2 protein chains.
Amino acid sequence: MRANKGEPGSKQPTINDVAALAGVSKKTVSRVINRSEFIAEKTRKAVQDAIETLGFVPNPQARALAFRRNFLIALLHDNPNAQTVLNFQQGVLDAIKDSDLALLVRPVDRGSDRMLEDVRIFLEKQRPIGAMLLPPISENDALAALCSELGVRYVRVGSALLDDAVHCVSSNDREVVAEAVRRLIGLGHRRIGFVRGPVGFRSAAEREEGFHTALREAGLTLAPNHFAPGNYRYAAGVEAGEALLSLAEPPTAVFCSNDEMAAGVMSVAHSKGLSVPGQLSIIGFDDSPTATHIWPALSTVRWPIREMGARAARTLVPDFLDGTAIEESPVLASTFIERQSVAAPAQP
Amino acid sequence: MRANKGEPGSKQPTINDVAALAGVSKKTVSRVINRSEFIAEKTRKAVQDAIETLGFVPNPQARALAFRRNFLIALLHDNPNAQTVLNFQQGVLDAIKDSDLALLVRPVDRGSDRMLEDVRIFLEKQRPIGAMLLPPISENDALAALCSELGVRYVRVGSALLDDAVHCVSSNDREVVAEAVRRLIGLGHRRIGFVRGPVGFRSAAEREEGFHTALREAGLTLAPNHFAPGNYRYAAGVEAGEALLSLAEPPTAVFCSNDEMAAGVMSVAHSKGLSVPGQLSIIGFDDSPTATHIWPALSTVRWPIREMGARAARTLVPDFLDGTAIEESPVLASTFIERQSVAAPAQP
DNA sequence: ACTCTAAAAGACACCGGTGTCAAAAACAAG
DNA sequence: CTTGTTTTTGACACCGGTGTCTTTTAGAGT
């Protein structure tokens, strides 16, 4: 049964109400809430009953004050890919579900020069225990430094170690990109184009390295005009597509550093009347919703993003998430997903 | 200048530190923080200086406790469209930026039968002042009832009034859908297909009504086999496409109730070798990222989602967001966006 | 200078929890 | 039945702010 909380005038029951009803001191109730040992089973039961009867829920603000620490963790992101953010967030919530923690989500405007100041204000005001930084802002060292300065723990999420291992959660993107490109090579592709992510992004560099690794293994090299710069946006994919597909000897396959750019390349292929995958194979990266919304469906690399969210939370605040000890390695496995945008090259 | 907060052993300065430094009582400092009147300009200045010197930031937990109310608002969502959620969230943050409010974001698992119970636990634990419900869960009356029961204000966001006007923020989707369909008719289309959203969704019904309105005005009717059910998912779009485009006399244009389904229809058109928009015009709804990532770019309806977020926040907690008085009408304007997926029908 | 009033500042309790340490209860051993 | 130990419980201060009410100060009027 639940107390009549809906009625006007009725208030949230407090620890005092519980104590009075159970006939014990508030400190004893506090002990029950916090699962202290040194409590007689009989007393615990009585208090537990009183809690149920009143529908008592401890006031998190009061607890935070008394504990001299709050129970907030923050998710800082500036992600062009909304689905990624939400999936990650879901993973975090999976991990903290049975804890006392709450999650604050905070978009960060990377472009703004007030960015650092804004984040500082946010962190100073909310004082979360820890913060999780999603790529690309996870690569911002000033941000990490700010967290350190303010005594806020942090975890950086990314495709490679960006910091000490204790501060990172990452995935083996490089390896999986290599695997995807090997697949293209295995199908017979020799002229493979590459559309890069933005300069200065670790993730972009990782993917590029994976690409080159696979090429090297096969004794191939990337023709300079088969390389296109990009910035992870659709428009950059279109530009890259225009450039690569207008060549006298265009690539028969293109690896794009994310799905959005792959969609851009694909639309250029369509508008030029090239069939995909018949005349051009395309691979993307992210497994964003776009990957399955375009036609043909895009072969891509899936980031274990939800798991990374859960892992990031456990890495950030292991002391609040009892049970699971932190596994040794912070690297989770991405997977290559084959759909319909890849086939053997047309016979010359 | 800022205090040496990074150093180990140094603590957050409290109101007491400020009071001591300024040589006043903590209550006076409190008055300055809360912009009380009845404070001598000289004193205010002294306190303000002390605050700056120490880098003092009031502890929100302590304030919440003393005020007997916290400063949290919650965003409850279960949205297939991540971008929508993030844009809405951004709008909310725009609105609360200069206030004391903080935002909790909480995904809700609509499918789960524990959904209501989960939300109840969340609300009882966090006790936010108010909650904003994004569609489709904004249509859930049980959820609204739960908020009322727990004394949590709420605002429902949707494409039509779902509740009292005080509890709603919506947009004129019906009208804009009609406008889009009129455009098709104006181009000469007579056989126009319709792919509906899920049964029981207000948004789906609104869009359908708008569609019929435009048809009626032009003296047209929807052939029964030009209607396809759907659920806002890509796969449903594919099914609808298969059904509509296999007809002996297929529609020359299709209005899809969201972009994802439109993408599905488009991919079927591609695979059947139909050119879009040459042989088939397609219109979507949402202006999701997908709309511009597919080829040809999709004509669609843009929801003023960020503005709605800001508006929802102001409607929810006008008393915390000074300045802007609430405008009378809670209906914001959606807009029809023309891209490349619409053209005049091929001559028969 | 003196009173009166309004403005400004302070004292102290309180919000709803937890930490500390002492007191009470329970139990074992002599 | 005492005494000594170990569990269990409670009293009270405190976390960092705000509300209420009182006191002090400043300024106006006579």
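Owing to the predicted nature of the structure, the values given are computational and were not obtained by experimental measurement. Just so it is clear: chains get the letters A, B, ... in the order the sequence lines come, proteins before strands, and each one is counted from 1. Atom set for the values below is all heavy atoms of this structure, side chains included, hydrogens, waters and symmetry mates excluded.
Distances were taken from every side-chain heavy atom of A/A66 (C-beta onward) to each of C/dT18, C/dG10, D/dT9; the shortest belongs to C/dT18. The nucleotide whose nearest atom lies closest to any side-chain atom of B/V24 is, among C/dG17, C/dG19, C/dG10, C/dG10. For A/F56, the side-chain atoms get nearest to C/dG17 when compared with the rest of C/dG17, D/dT8, D/dT18. Comparing C/dG17, C/dA8, C/dC15 by their nearest atom to the side chain of B/R68 picks out C/dC15. Checked against C/dC21, C/dA9, C/dG17, the side chain of A/P58 finds its nearest nucleotide in C/dG17. Distance from the side chain of B/I33 is smallest for D/dT18 among the nucleotides D/dG10, C/dG10, D/dT18. Distance from the side chain of A/A62 is smallest for C/dG17 among the nucleotides C/dC21, D/dG16, C/dG17. The side chain of B/K27 has C/dG10 as its nearest neighbour among C/dG19, C/dG10, C/dA7.
Base contact: A/L65 has a heavy atom under 4.0 Å from a base atom. Residue A/V29 is classed as having no contact, given no heavy-atom separation below 4.0 Å to the nucleic acid. Using a 4.0 Å heavy-atom distance criterion, A/N34 is classed as a sugar-phosphate-only contact.
A salt bridge does not link B/R314 to B/D319: none of the charged nitrogens lies less than 4.0 Å from a carboxylate oxygen. Using a 4.0 Å cut-off between charged side-chain N and carboxylate O, B/D78 and B/R106 make no salt bridge. In this structure, B/R63 pairs ionically with B/D100, as a charged nitrogen and a carboxylate oxygen lie closer than 4.0 Å. Checked for salt-bridge contact, A/R120 and A/E124 meet the test: a charged N lies under 4.0 Å from a carboxylate O.
Atoms NZ (A/K125) and C1' (D/dG17) sit 16 Å apart, rounded to a whole Å. In this structure, CD1 of B/I15 is placed 18 Å from P of D/dC14, rounded to the nearest angstrom. Regarding A/N70, its CG atom lies at a distance of 16 Å from the P atom of C/dG17, rounded to whole Å. Atoms CD1 (A/I51) and P (C/dG17) sit 10 Å apart, rounded to a whole Å. The CZ-C1' distance, from B/R127 to C/dC15, rounds to 16 Å in whole Å. Regarding A/N16, its CG atom lies at a distance of 14 Å from the C1' atom of D/dC12, rounded to whole Å. Whole-Å rounding puts the A/L54 CG to C/dG16 C1' distance at 15 Å. At whole-Å resolution of the value, NZ in B/K42 and C1' in C/dA9 are 13 Å apart.
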**Request:** I would like to know whether B/L54 and B/Q12 meet side-chain contact (heavy atoms from CB on, under 4.5 Å); could you show each step before the answer?
**Result:** CA-CA 9 Å; B/L54 296 173; B/Q12 269 311 94; over 6 Å; no

**Request:** May I have the step-by-step check of salt bridge (charged side-chain N to carboxylate O under 4.0 Å, His left out) for A/K26 and A/D17, ending in yes or no?
**Result:** CA-CA 9 Å; A/K26 61 196 278 199; A/D17 302 325; over 6 Å; no

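Close to D/dG10, at under 4.0 Å from its OP1 or OP2, lies a side-chain N or O of A/T28. OP1 or OP2 of D/dT18 sits under 4.0 Å from a side-chain N or O of B/R63. Proximity of B/S30 to the phosphate of D/dT18: a side-chain N or O atom is located under 4.0 Å from OP1 or OP2.
For B/E41 and B/F67, each mapped to the nucleotide of DNA chain C holding its nearest heavy atom, the one lying further toward the 5' end belongs to B/E41.
In the interface, the side chain of B/R31 is not paired with the base of D/dG19 through any donor and acceptor atom under 3.5 Å apart. Side-chain to base pairing of A/K26 with D/dG10: no donor and acceptor N or O lie closer than 3.5 Å to each other.
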